[in-house]
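What follows is one structure encoded as structure tokens, with my remarks underneath.
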Amino acid sequence: MKHLLEINNLDVKFDTDEGRITAIENVSLTLDQGKVLGIVGESGSGKSVTAKSIMQLNPGNTIYNDNAEIIIDDENVLKFTSKNDLKKIRGGKVSMIFQEPMASFAPAIKIGNQMVEQLMIHKSQDKKEAKNISIDMLNRVGIADAEKRFNQYAFELSGGMRQRAMIAMALSTMPKLLLADEPTTALDVTIQAQVINLMKDIIKEFNMGVIFITHDLGVIAQVADDVAVMYLGSVVEQGPVNEILKNPMHPYTRGLINALPDINNLDAPLTPIPGNIPSPLDRPSGCVFRTRCPHASQEGKEADIKMGLVEVKPGHWLDNCGINCGKV
Amino acid sequence: MSENIVSVNNLSVSFDYQENFLSKKQKIKAVNNINIKIKKGSFFGLVGESGSGKTTLGRAILGANKISTGNVIFHDEERDFDLTTITPKEKKEYRKKAQLIFQDPYAALSPRMTVRDIIAEPLEVMKITESREETDARVRDIASKCRLNLEHLRRFPHAFSGGQRQRISIARALVSNPKFIVADESVAALDVSIQADILNLLKQLQHELNLTYLFISHDLSVVAHVCDIVAVMYLGHIVEMAPSRELFKNPRHPYTKALLSSIPSIDPENKSKAIELKGEIPSAMNPPSGCVFRTRCPHASQEGKEADIKMGLVEVEPGHWVDNCGVNCGA
Ligand SMILES: Nc1ncnc2c1ncn2[C@@H]1O[C@H](COP(=O)(O)OP(=O)(O)O)[C@@H](O)[C@H]1O
Ligand SMILES: Nc1ncnc2c1ncn2[C@@H]1O[C@H](COP(=O)(O)OP(=O)(O)O)[C@@H](O)[C@H]1O
Ligand code: SF4
Ligand SMILES: [Mg+2]
Ligand SMILES: [Mg+2]
């Protein structure tokens, strides 16, 4: 079967005042229709940059490698330059929601007008039809008084309500692919639970593919089918969520889990991962995790080892740690 | 000598609130008739969603918010401080004993001061030390206790990672040798690994320096791991309070149950059965009459919805206090 999304060998570099930094190195991911791929990792690991690459939302100082591909419907969207092509991946086939809903809404335009305008651009619907769809969608995400909210500004809504409105706007164009970047991180847990349930229902109903980015392994466990664990711009482990969270093999994935306070296991000590995340300016050569890895062997610390995912069990992909350091 | 370090008695804190200069002044009761006793040496947790009054309560205990009614007593070795009647002179003394660790070290640290000066500032402001040598010695001592690299004292805070900055603000809070610390969302902005590191550090410092903490957090998993007693706040009220293990094993109040059920489990096979609360937290300006939780409570009975029921904690097991829900709604 054809994948909904295929990312092949993606490198992303940024030119900054301090030099050229590598934000993403050799990332390959696939996503099928109706599935949720979670991306997890600490801040700075490259989760947002990966998502933004799919919509070409990274700023002007971005450098993609020539052999990178991001394939949607047989087209490499990284090669898109015309307005018409870009429209397809920005609000057409692909929509994005964020941690901060105000990032989606223009402060001075009413919610309804923004939704209608978007529908008219992407779906060439007439105004009346667009209004109906928008109000339907606001209803669908559990906003009471949808007609009233339609005529309000984003700042007039509460945090949870704004999050719902943003989801409604992102979904009203019926995207095939939804990119959700920490959509519940700023919410209180009871509201987070509401929004997660809503998203799960909607993903099922619309049968779209979703990339769900979060630093919270609990949220990943609840929403994702598959998960990719990122560290310093590289995917170090990847596979079905159940497999990865129950049989983590990469020292970084294990480190994340051991640092997490688990409500069901209050006696477990909280074990930090030793050391600090290096700056992307001094990205370690060879295995990116070797400066903090408890298992790094002398050979593993040498610069000329190569990272790369190996399928260690059906569907379970692991960076070739074992080959490098023989410890996994 | 009291076994408690802080007693909060019938404490309420209200703020005047005015939408704009034309509109009517309103009162927000951010903290409403709170009673807690914080035992010496405890790691006392305060949880609740945003706007529930955690920060206001913490600040009131530190003397940073005006007390509207009730009182807060701080029991020091030789004497008590009554925060309602405290004089400016006593307050200076009190500041040395009770300190705050900021939520956001990025915002709290001045970018133009070196790490040494940031940590030293409380000593200088409170005139605790008499010479630069003495100040330096205290700064070095607390910095090493907080596992800061002494080489870094000459640098500026922007050069540091989130975890290191949090350690700088902990050192600053501890340099005056306080007995009681309010840590307000001190790990909220940190990645899990750094969070684990800071939580371990707080525990270690507690033993080393005989500290008592009021640990404020919206993250129940964190609180469950570090605190020995926990109070749950909702709209200015404490609705349940118990030893931590007891609270997480036997939550009694409908709000506590909903909160606990909302924590996303990291076991993918244990799909959460979050008790969904209707709607959102009502505005503190206009709280429901009677039980403040009744507008969202899955168990609210008709009588419970009536306006004239009273909230108040009842001891259902030794040390386990719950709002008198049962009396109101039979829940
Ligand atoms: N426009 C940019 N210019 C320079 N560096 C950037 C830019 N955007 C992101 N980065 C860097 O790329 C890395 C990955 O960032 P990001 O994807 O935002 O991380 P995450 O979302 O996992 O927290 C970080 O080191 C970040 O500082
Ligand atoms: N200085 C203030 N003036 C007016 N209202 C305030 C002030 N500080 C807090 N509040 C209000 O008091 C309530 C409790 O706030 P807070 O103590 O900050 O809650 P939490 O820390 O639990 O998020 C909120 O409704 C908040 O808006
Ligand atoms: S008093 Fe009634 S409405 Fe309030 S929390 Fe208890 S059961 Fe619910
Ligand atoms: Mg991000
Ligand atoms: Mg607060």
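Order of the sequence lines sets the chain letters (A, B, ...), proteins ahead of strands, with each chain counted from 1.
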Heavy-atom cut-off 4.5 Å, strictly under: side chain, backbone, both or neither for A:N265 against chain B? backbone
I'd like to check A:L266 versus B:H225 (side-chain heavy atoms, cut-off strictly below 4.5 Å). Are they in contact? yes
Crowded around A:E205 CD? As in, over 12 foreign heavy atoms under 6.0 Å? yes
Is any residue of residues 192-205 of chain B within less than 4.5 Å of chain A by heavy atoms, and which ones? B:V192, B:S193, B:Q195, B:A196, B:D197, B:L199, B:N200
Looking at A:E147, I'd like to know if its CD atom is crowded, meaning that more than 12 non-hydrogen atoms belonging to other residues, nucleotides or ligands lie closer than 6.0 Å. no
Might you point out which heavy atoms bring A:V189 and B:S262 nearest each other, and give the distance in Å? O-CB, 3.6 Å
Among residues 43-52 of chain B, those lying within the under-4.5 Å heavy-atom range of chain A are B:E49, B:S50
For chain B, the option from A:D216, A:T271, A:L217, A:D267 that forms the most heavy-atom pairs under 4.5 Å: A:D267
Heavy atoms from other residues, nucleotides or ligands near NZ of A:K200 exceed 12 (cutoff 6.0 Å): yes
Given heavy-atom pairs under 4.5 angstrom as the criterion, report whether the side chain, backbone, both or neither of A:N276 touches chain B. side chain
Do you know which of B:S261, B:S244, B:P268, B:A258 has the most heavy-atom pairs under 4.5 Å to chain A? B:P268
Tell me, do A:Q192 and B:P264 make a side-chain contact under 4.5 Å, heavy atoms counted? yes
With side chains defined as the heavy atoms from C-beta onward, is the minimum distance between A:L245 and B:D267 less than 4.5 Å? no
Please find the pair of heavy atoms, one from B:S265 and one from A:N264, that lie closest to each other, and give the distance. OG-ND2, 4.1 Å
Report yes if some heavy atom in the side chain of B:K278 is under 4.5 Å from a heavy atom in the side chain of A:Q194; otherwise report no. no
Min side-chain heavy-atom separation A:T190-B:E276 under 4.5 Å: no
Using heavy-atom distances under 4.5 Å, tell me whether A:R292 contacts chain B through its side chain, its backbone, both, or neither. side chain
Non-hydrogen atoms of chain A under 4.5 Å away: do they reach the side chain of B:E269, the backbone, both or neither? both
Would a distance-only check, ignoring hydrogens and angles, find a side-chain to backbone donor-acceptor pair under 3.5 Å from B:K271 to A:A221? yes
Search all heavy atoms of B:I266 against all heavy atoms of A:I257 and return the closest pair with its distance. CD1-CG2, 4.2 Å
Best-contacting candidate, A:P274, A:G255, A:A259, A:S158, against chain B by heavy atom pairs under 4.5 angstrom: A:A259
Please classify the contact between B:N270 and chain A as side chain, backbone, both or neither, with a heavy-atom cut-off of under 4.5 Å. both
